[in-house]
Amino acid sequence: MLKINDLHVSYGGIRAIRGVSLEIPDKEIVTLIGANGAGKSTTLRSVAGLVKPDSGSIELDGKELVGKSPNEIITHGIALVPEGRRVFANLTVLENIKIGGYLRKDSLDEDIEKMYSLFPILKERNWQLAGTLSGGEQQMLAVARALMSKPKIIMMDEPSLGLAPLIVRDIFDIIKEINKQGVTVLLIEQNANMALKIADRAYVMETGKITMSGTGAELLADEGIRKAYLGKS
Ligand code: ATP
């Protein structure tokens, strides 16, 4: 279980996270929803070791992660799929996939094959430069790259952003499949409707704080949430 307790993070004088506590139980899909600037990305970046919290703890199975380097955190079993995908545009699909396994000392061959069966389109595009892929394909590549570190937990920052509705559905199917294969998912989504539908547990963030939590179904049924995030009354 990943446990974030009373996390505070600031950028210069801006207090982006103001006492966030979250629980991400093993093998669940947990989603974080909230408006732009609420602090969702900062939460994930803190877990990944990319920003240093002012205070609070981030524990994985009882082990403190705060203070560990991003590489150490990947080695502990947590991978991040960043917002905007950030694939290496001038490298091939295969090279991008291999980079995801760069901290591993064992052979990558079996997992490369696994990625090709999870994402057949990437096999077809194996030798293509990643920059020439469509947005949806780049997103799949970013997910495959993260999975190559064999994470226990995959964190995804806005995976559906900017993608056509049909592709968004593919991405959500893949998230469900990855979870079915035993990987815990921590998901940030603008598409609150779809995210809440697949979530075991959900948290709402507003201006650096958690303002509500519950099962995905509970939040989907909540009138305030429907009005604020689902565009329904
Ligand atoms: P978005 O969906 O827009 O990414 P978010 O909920 O993920 O929003 P964050 O990106 O975590 O929110 O931002 C939280 C706050 O921290 C915002 O006020 C943002 O402007 C600020 N912030 C984020 N990154 C930085 C940075 N590198 N330097 C300064 N301020 C930042």
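We count ligands from 1, going down the list as the structure has it; atoms in each ligand are counted the same way.
- In terms of heavy atoms, E206 sits closest to Y229 at OE2-OH, 3.3 Å.
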Query - Audit row: R15, D54, salt bridge (charged side-chain N to carboxylate O under 4.0 Å, His left out) steps and yes/no - result: CA-CA 10 Å; R15 294 174 60 214; D54 300 331; over 6 Å; no
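- Here is the list of ligand 1 atoms found below 4.0 Å of a heavy atom in A38: 5 (P), 6 (O), 12 (O).
- Near T42, with a cut-off below 4.0 Å to any heavy atom, the atoms of ligand 1 are 9 (P), 11 (O), 13 (O), 14 (C).
- Considering both main-chain and side-chain atoms, T43 never comes within under 3.5 Å of ligand 1 through any nitrogen or oxygen pair.
- Within the structure, ligand 1 has E158 among the residues with a heavy atom less than 4.0 angstrom away.
- A salt bridge links D106 to R104: at least one charged side-chain nitrogen sits closer than 4.0 Å to a carboxylate oxygen.
- In this structure, A79 and A146 approach most closely via the heavy-atom pair CB-O, 3.6 Å.
- In the candidate list S41, G13, A16, S41 is nearest to atom 4 (O) of ligand 1, counting heavy atoms.
- Residue R45 places every heavy atom at 4.0 Å or more from ligand 1.
- Not a single protein heavy atom sits closer than 4.0 Å to atom 20 (O) of ligand 1.
- Comment: E223 does not engage R226 in a salt bridge, judged by the lack of any side-chain N to carboxylate O separation of less than 4.0 angstrom.
- Enclosure of atom CZ in R86 is not indicated, since only 12 or fewer non-hydrogen atoms of other residues, nucleotides or ligands lie within 6.0 angstrom.
- Residues V93 and M140 are members of one and the same hydrophobic cluster, defined by side-chain heavy-atom contacts under 4.5 angstrom among Ile, Leu, Val, Met, Phe, Trp and Tyr.
- Remark: ligand 1 atoms within the under-4.0 Å shell around heavy atoms of E83 are 4 (O).
- Short contacts between ligand 1 and A35, defined as distances under 4.0 Å to a heavy atom of the residue, involve ligand atoms 6 (O).
- Distance check for atom 23 (C) of ligand 1: a protein heavy atom is found below 4.0 Å.
- When G12, G208, G37, G34 are ranked by how near their heavy atoms come to atom 8 (O) of ligand 1, first place goes to G37.
- For the residues S10, G39, S46, the heavy atom positioned nearest atom 6 (O) of ligand 1 is part of G39.
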